[in-house]
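Whatever order the structure lists them in is the order used to number ligands and atoms, beginning at 1.
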Amino acid sequence: MVVVSEFICVTERNHNGVTQQHSNRSSPPSPTMASAVTEPNLQRNLHLLSAEQVELAEMGQAHLFEHWAKPGVDDDEKKAFFDQVSRLNSSYPGGLASYIKTARELLADSKAGKNPFDGFTPSVPTGETLTFGDDSFMIFEETGVKEVRKAAFVLVAGGLGERLGYNGIKVALPRETTTGTGFLQHYIETILALQDASCKLAEGECQTKSPLVIMTSDDTHSRTVELLESNSYFGMEPNQVKLLKQEKVACLDDNDARLAVDPRNKYRIQTKPHGHGDVHSLLYSSGLLNEWRDAGLRWVLFFQDTNGLLFNAIPASLGVSATRQYHVNSLAVPRKAKEAIGGITRLTHADGRSMVINVEYNQLDPLLRATGFPDGDVNCETGYSPFPGNINQLILELGPYIEELTKTGGAIQEFVNPKYKDASKTSFKSSTRLECMMQDYPKTLPPSARVGFTVMEPWLAYAPVKNNPEDAAKVPKGNPYHSATSGEMLVYRANSLILRKAGVQVADPVQRVFNGQEIEVWPCVTWKPKWAVTFKEVKNKVSGSSSISQRSTLVIKGRNIFVKDLCLDGALVIDVADDKEVKVEGSIQNKGWILENVDYKDTSVPEELRIRGFRINKIEQLVKSEP
Ligand code: UGB
């Protein structure tokens, strides 16, 4: 390795994209490292490589060459292998050597269950807790909508979705199958509706075009572009949407940080995205933040790819940020112990330092056990963990954000989150990689920074789609499934509870089982964001005494649709052009739409349906449409 560090002039690209040369002499060669060049298959092929590639080969990853063919066979692939290694080397600060070194240290800590927050004592922080529909919620929502025209939206969508096992890109998945609206389509339509609602509240002219940035990766980029272009950006102007692609990093096969061979090509190293934390350095080096500042924007809202309820929380939480002048505002929901979401925690160091930060779900238990909570991550008398659950929706104030990134370049501390096969932690379910998390941004902030969080009811704001059906059926009893099944059913529940709060008699749900998951089935109620993005708008469009039976489906597509004294027992679709106004009333009964069970193993059923465990059979409906 000394040889390596001696010769390799590691090119480090700092966050301003400026290349710097330096040599890292740090780590002595590990036993496995010395042997690579002596690896027979590599020895035979050394003549194929440039001097720089030979040096890179000396990083002691002999297993990478075990299956290499003799010279003359696959030589182009062998060269392509080293081209990939060069890319990985130059796209990571300090090069692959520093990547492997850091990986070994973090993997050892993780295996040992080392407390990543040594010296810090956790306590439950105080934040803003909102109750849907009460006066203060309504005031925060109103304030938030006013602020939307000064906001930019950032969707991190570079993740593979390994736990979900869906072959498409997650943002293309239907948020619900009653209308088939995909996550990205719903997000864009909601941003446009918020933009319009905010403009309506503006005095005078309002030309706002809320910017949307989507962070992609090699795994999601081209299909995200395809999804946007083939759907005319779902109504957004193309220049309103910017895609920033994050780099990928090498995967690690074991606790020795042996680089993983790509299962699809033995002449490639397997790579995965580096974690959603890359969004900060990408935004910094893109120059967009300065553009937004110069355009008078004040907020940057970060969100993720498959939480179908996330926008229910946005207006009120933006109102909290503006009212409390938060530099950082994290959205949270009450969290069940062991739920795969981080816990918002106040960490106080023995030296007096203190910060309010997300402690990730794989780090919370070891931290608590090491700091006087012998049972670790458990629920308290509320039936929930005392630490609010981080749902990774962040609202940052632009000015202080730019100031901080000017100091850090957007660099975020790395961690490793291996999915171990078993409690011995000696082997991984699948290869891992170094990652960084966007919610770690506050770690470097000065104590003067105003860092807060807003807690919402889980039924309103959180319906993630993360787990494949098998893993979902295995979550601890009482914990949410985080599956495509629960993701859709929770949308219907939230909409039903919102209508109830607005005075509609919505029937109670029934229990059903889909893909082994016992779940509440509420009436399948959906509405387009342009119908309502705030509770005030819902209340303005629902009046009199209406009722909806459990087996009903209600689809509201259009802006000026007013529901009054409606008694629905069946399926009703209202599809009206924006300039039309329609009143929906009276008794409507028909055979409706029913949910038929399908099995996730039944490959004759489209993937996006079988991962839900049901499909909708549209037997009979009433359609009210005015083009
Ligand atoms: N993502 C990227 O864009 N690039 C990457 O390299 C990786 C991911 P996961 P995770 O939803 O409640 C987070 O895998 O990271 C995108 C929080 O850390 O779905 O395990 C990806 O496309 C956790 O505290 O989630 O957990 C997706 O949009 C909790 O908030 C997003 O990043 C949890 O999310 C999240 O990636 C949650």
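Comparing Lys272, Gln246, Glu360 against atom 18 (O) of ligand 1, the shortest heavy-atom distance belongs to Glu360. Compare Asp305, Ile344, Asn390 by their heavy atoms: the one nearest to atom 30 (O) of ligand 1 is in Asn390. Relative to atom 20 (O) of ligand 1, the option among Tyr361, Tyr462, Phe303 with the closest non-hydrogen atom is Tyr361.
Gln304 OE1, 3.2 Å is the protein heavy atom nearest to atom 35 (C) of ligand 1. Scanning the protein heavy atoms around atom 1 (N) of ligand 1, the nearest turns out to be Gly159 N, 3.5 Å. Annotation: atom 36 (O) of ligand 1 to nearest protein heavy atom, His276 CD2, 3.8 Å. Ranking the protein heavy atoms by distance from atom 25 (O) of ligand 1 puts Lys466 NZ, 2.9 Å first.
If you look at Ile391 next to ligand 1, the close heavy atoms, those under 4.0 Å, all belong to the backbone. When non-hydrogen atoms are compared, ligand 1 lies under 4.0 Å from neither the backbone nor the side chain of Met438.
Within ligand 1, the atoms closer than 4.0 Å to a non-hydrogen atom of Gly342 are 23 (C), 24 (O), numbered from 1 in the order shown. Every atom of ligand 1 is numbered from 1 in the order shown, and the set under 4.0 Å from a heavy atom of His274 is 6 (O). Counting atoms of ligand 1 from 1 in the listed order, those under 4.0 Å from a heavy atom of Pro273 are 5 (C), 6 (O). Ligand-side atoms of ligand 1 in range of Ala157: 3 (O), 22 (O), range being under 4.0 angstrom from any heavy atom. Near Arg163, meaning under 4.0 Å from any of its heavy atoms, are these atoms of ligand 1: 9 (P), 10 (P), 14 (O), 19 (O), 20 (O), 25 (O). Atoms of ligand 1 lying under 4.0 Å from any heavy atom of Gly158, numbered from 1 in the order shown and given with element: 2 (C), 3 (O), 4 (N), 22 (O).
A side-chain donor from one of Asp471 and Asn468 sits under 3.5 Å from a side-chain acceptor of the other. Of the N and O atoms on the side chains of Glu128 and Asn329, not one donor lies less than 3.5 Å from an acceptor on the other residue. Using a 3.5 Å distance cut-off with no hydrogens or angles, the side chains of Glu397 and Ser321 do not pair a donor with an acceptor. Donor-acceptor pairing under 3.5 Å is lacking for the side chains of Thr179 and Lys528.
Of the possible polar contacts, one joining the Tyr481 side chain to the Glu518 backbone as a donor-acceptor pair under 3.5 Å is found. The backbone N or O of Gln84 sits nowhere less than 3.5 Å from a side-chain atom of Arg268 that would complete a donor-acceptor pair.
Using cut-offs of 30° and 60° on the angle between ring planes, the pair Phe311 and Phe153 is tilted.
Note that Lys336 lies in the cation-pi zone of Tyr384, set by a 6.0 Å cut-off to the ring centre and a 45° limit from the axis.
Ionic pairing of Lys170 and Asp305 is present here: one or more N-O contacts between side-chain nitrogen and carboxylate oxygen are shorter than 4.0 angstrom. A salt bridge does not link Arg258 with Asp256: none of the charged nitrogens is closer than 4.0 Å to a carboxylate oxygen. No salt bridge links Arg612 with Glu608; every basic N to acidic carboxylate O contact stays at or beyond 4.0 Å.
For Phe234 and His186, the distance between ring centers is not under 6.0 angstrom.
Contact between Gly275 and ligand 1 is present, with at least one heavy atom of the residue lying under 4.0 Å from the ligand. Ligand 1 has no atom lying under 4.0 Å from any heavy atom of Glu435.
Considering backbone and side-chain atoms together, Val156 places an N or O closer than 3.5 Å to an N or O of ligand 1. The shortest N or O to N or O distance between Met437 and ligand 1 is not below 3.5 Å.
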